[in-house]
Amino acid sequence: MRYRVVLIPGDGTGPEITEATVRVLEATGVKFEWMEYLVGETALKQKGTPLPDEVIEAIRQTKVALKGPITTPIASGFRSVNVALRKALNLYANIRPAKYMPGVKSRFPETDIVVIRENTEDLYSGVEYFMNPETAISLKIITREASERIVRFAFEYAQKEGRKKVTAVHKANILKYSDGLFLEVARYVAQQYPDIAFEDRIVDNMCMQLVQKPELYDVLVLPNLYGDIISDLCAGLVGGLGVAPSGNIGDDGALFEAVHGSAPKYTGKNKVNPTALILTGAMMLKYLGEAEAALTVERAVRKVIAEGKFVTYDLKPNRDDPTAVGTSQMADAIVKVIKAGI
């Protein structure tokens, strides 16, 4: 079987890590038909828009896409292409695993957490305006429908993956209507999954708990903004965004992406770590039903990182280590392990 996948190389170092990821995925023997499209700054320069309509239509047809990092201007310029894609395709669930890998510098080797983030509303709805020149207002939108959808997704994910507990994260002690509604819905849905333990945590307390005792947590489900922040915190527990995969799932398709930046200063230098997007590719394989291939990729990445010989500078104990390899060479090592059979 050959899978048709929309491939978005992205900006900056995106094309380099995307090329590395494609080689690793193809080394598993799974067949792909890659449909490449430009998005972000590159598309803006060539097509006059950072998100051409043809890209959204292509993903609707193939039902799956793999995307490298996109540069998003701060304060001015176009709004986030990542957010626009999630909204246009109704990719309401963002999955961010954070699992420690031997060989990656971390103070929390016991961490194995999955963050499930609601992707379509909250402050990211983009409903904001100036009340007057001195006052800007943003509206936090929480609906019962979207809250129930994401919480149910989290419990279904926990059941499918053999996870034992779901923790709902909120600020309902202060935001009694919006986060209060999210918590009310979470408690209602939890009653329908008696085999999965349920608890809730206030978001600020959750941040403290994660850096004190992350081993106590399993699956976290959160509204959009908290999910964005907490998922980065969890990535930091296991080594940073350079090793953190991500997938955006909807009822009719999925978009898998690296969540780290495009690192434009390293463009073309064969320097950046491809791990996050390669592990994201493994998530995509699992979504496609290629669970064995996904496991093969994960094992190969872990083996290469644990050995520490053919890894990029950021995965070395000393970031100035002259034995560090480039993006392409690390991908070569992972491909070699896959082809050797592990």
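Everything numeric in this text was worked out from a predicted model, so none of it was measured.
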Query raised in the report: What distance do C234 atom SG and L210 atom CG have between them, rounded to the nearest 0.5 Å?
Result: 4.5 Å

Report summary line: Sorted by chain and number, sequence neighbours left out, side chain to side chain contact (heavy atoms under 4.5 Å, CB included) with K316 holds for V311, D321, T323, A324

**Report entry** Greater than 12 external heavy atoms within 6.0 Å of Q212's CD
**Finding:** yes

Query raised in the report: For V5, does its backbone N or O pair with a side-chain atom of T62 as donor and acceptor, under 3.5 Å?
Result: no

Query raised in the report: Can you find a heavy atom in the side chain of N94 that is under 4.5 Å from one in the side chain of S246?
Result: yes

Query - Those residues that, when tested against A331, pass side chain to side chain contact (heavy atoms under 4.5 Å, CB included) (two or more places apart) - result: A20, R23, V24

Requested in this report: State plainly whether one hydrophobic cluster holds both L288 and M283, where clusters connect Ile, Leu, Val, Met, Phe, Trp and Tyr through side-chain heavy atoms under 4.5 angstrom apart.
Outcome: yes

**Report entry** Partners passing side chain to side chain contact (heavy atoms under 4.5 Å, CB included) against Q192 (at least two apart in sequence or in another chain)
**Finding:** R152, Y188

Query raised in the report: Are any of the side-chain heavy atoms of K271 and K265 separated by less than 4.5 Å?
Result: no

Requested in this report: Would you indicate whether Y92, at its atom OH, is surrounded by more than 12 heavy atoms from other residues, nucleotides or ligands within a distance under 6.0 Å?
Outcome: yes

Requested in this report: Answer whether the closest heavy-atom distance between the side chains of L277 and L66 falls below 4.5 Å.
Outcome: yes

Query raised in the report: Under a 4.5 Å side-chain heavy-atom rule over Ile, Leu, Val, Met, Phe, Trp and Tyr, are V304 and Y313 clustered together?
Result: yes

**Report entry** Least distance between heavy atoms, P194 atom then Q191 atom
**Finding:** CD-O, 4.0 Å

Query raised in the report: In Å, rounded to the nearest 0.5 Å, how long is the span from CZ of R107 to CG of L237?
Result: 11.0 Å

Query raised in the report: Under a 4.0 Å N-O cut-off, is there an ion pair linking K286 with E161?
Result: yes

Query - V221, I202, V203 screened by side-chain contact (heavy atoms from CB on, under 4.5 Å) with H170, the one that passes - result: I202

Query raised in the report: Using 4.0 Å as the upper bound for N to carboxylate O, is an ion pair formed by K303 and E307?
Result: yes

Query raised in the report: Step by step, would you call L279 with M101 a side chain to side chain contact (heavy atoms under 4.5 Å, CB included)?
Result: CA-CA 12 Å; L279 290 177; M101 290 187 289; 4.1 Å; yes

Query raised in the report: Of all heavy-atom pairs between L285 and T28, which one has the smallest distance, and what is that distance?
Result: CD1-CG2, 4.5 Å

**Report entry** Atom of L91, atom of G253 and distance for their closest heavy-atom approach
**Finding:** CD2-O, 3.5 Å

Query raised in the report: How far does CD1 of I338 sit from CD of E26, to the nearest 0.5 angstrom?
Result: 11.5 Å

Query raised in the report: Should the heavy atoms of other residues, nucleotides or ligands under 6.0 Å from CG of N132 be counted, would the total exceed 12?
Result: yes

Requested in this report: Check whether any side-chain N or O of N270 sits under 3.5 Å from a backbone N or O of S328 as a donor-acceptor pair, and report yes or no.
Outcome: yes

Report summary line: CD1 of I142 to CZ of R144, rounded to nearest 0.5 Å, is 12.5 Å

Query raised in the report: So how far is it from N273 CG to I17 CD1, rounded to the nearest 0.5 Å?
Result: 8.5 Å

**Report entry** Side chains of Y266 and E16, donor plus acceptor under 3.5 Å
**Finding:** no

**Report entry** Enclosure of K87 NZ (heavy-atom neighbours >12, cutoff 6.0 Å)
**Finding:** yes

**Report entry** same_hphob_cluster(L241, I113) at 4.5 Å side-chain heavy-atom cutoff
**Finding:** no

Query raised in the report: Distance-only, no hydrogens or angles: does the D122 side chain make a donor-acceptor pair with backbone N or O of Y124 under 3.5 Å?
Result: no

Report task. Look at the side-chain heavy atoms of Ile, Leu, Val, Met, Phe, Trp and Tyr, link any pair under 4.5 Å apart, and say whether F153 and L181 land in one connected group. Result -> yes

**Report entry** Beyond-backbone contact of T312 with T275, side-chain heavy atoms, under 4.5 angstrom
**Finding:** no

Report task. Mark yes or no for whether T327, through its side chain, and V272, through its backbone, hold a donor-acceptor pair below 3.5 Å. Result -> yes

Query - Salt-bridge criterion met for D314 and K105 (N-O under 4.0 Å) - result: no

Query raised in the report: Got a sec, which pairs hit side-chain hydrogen bond (donor to acceptor under 3.5 Å, both in side chains) with one end in residues 109-121, sequence neighbours left out?
Result: D112-R163, R117-N224, E118-T120, N119-N248, E121-T143

Query raised in the report: Roughly how far, to the nearest 0.5 Å, is NZ of K269 from OG1 of T13?
Result: 11.5 Å

Report task. Applying side chain to side chain contact (heavy atoms under 4.5 Å, CB included), run through T167 and V219 and close with a yes or a no. Result -> CA-CA 6 Å; T167 303; V219 175; over 6 Å; no

**Report entry** Sequence neighbours excluded - salt bridge (charged side-chain N to carboxylate O under 4.0 Å, His left out) pairs with any residue from residues 236-258
**Finding:** K67-E257, R86-E257

Requested in this report: Each residue besides Y129 in its hydrophobic cluster should be listed here, by chain and number; the cluster joins Ile, Leu, Val, Met, Phe, Trp and Tyr at side-chain heavy-atom distances under 4.5 Å.
Outcome: V127, M131, I137, L139, I141

Query raised in the report: Got I56 and L51 here, is their nearest side-chain heavy-atom distance under 4.5 Å?
Result: yes

Query raised in the report: For the residue pair F155 and Y193, does the interplanar ring angle fall in the parallel (under 30°), tilted (30 to 60°) or perpendicular (over 60°) class?
Result: parallel

Query raised in the report: Does any non-hydrogen side-chain atom of V151 lie less than 4.5 Å from one of E148?
Result: no

Report summary line: Note: V325 and F310 closest approach over all heavy atoms is CG2-C, 3.4 Å

Report task. Find out whether M206 and L233 are in side-chain contact, i.e. whether some heavy atom of one side chain is under 4.5 Å from a heavy atom of the other. Result -> no

Query - Set of residues satisfying side chain to side chain contact (heavy atoms under 4.5 Å, CB included) with respect to R2, sequence neighbours excluded - result: K31, E33

Report summary line: Contacts of F32 meeting ring pair (Phe, Tyr, Trp, His ring centres under 6.0 Å) (sequence neighbours excluded), chain-then-number -> W34

Requested in this report: Can you see which heavy atom on V81 is nearest to which on P50, and at what distance?
Outcome: CG2-CB, 3.8 Å

**Report entry** Co-members of the apolar cluster containing L183 [side chain, <4.5 Å]
**Finding:** none

Requested in this report: Could you tell me whether a side-chain N or O of D11 sits under 3.5 Å from a main-chain N or O of G40, the two making a donor and an acceptor?
Outcome: no

Query raised in the report: Which residues satisfy the ring pair (Phe, Tyr, Trp, His ring centres under 6.0 Å) test with Y287, sequence neighbours excluded?
Result: F256

Query raised in the report: If you count the non-hydrogen atoms of other residues, nucleotides and ligands that lie under 6.0 Å from CZ in R60, is the total more than 12?
Result: yes

Query raised in the report: Which atom names give the shortest non-hydrogen contact between G227 and V115, and what distance separates them?
Result: O-CG1, 4.2 Å

Requested in this report: With sequence neighbours left out, write down each residue that passes salt bridge (charged side-chain N to carboxylate O under 4.0 Å, His left out) with K47, or none if nothing qualifies.
Outcome: E54

Query - Cluster check I230, L123: I/L/V/M/F/W/Y, side chain < 4.5 angstrom - result: no

Requested in this report: Compare all side-chain heavy atoms of V64 with those of Y3 and state whether any distance is below 4.5 angstrom.
Outcome: no

Query raised in the report: Which pairs with one or both residues in residues 189-213 pass salt bridge (charged side-chain N to carboxylate O under 4.0 Å, His left out), sequence neighbours excluded?
Result: K165-E199, K171-D204, R187-D200, E199-R201

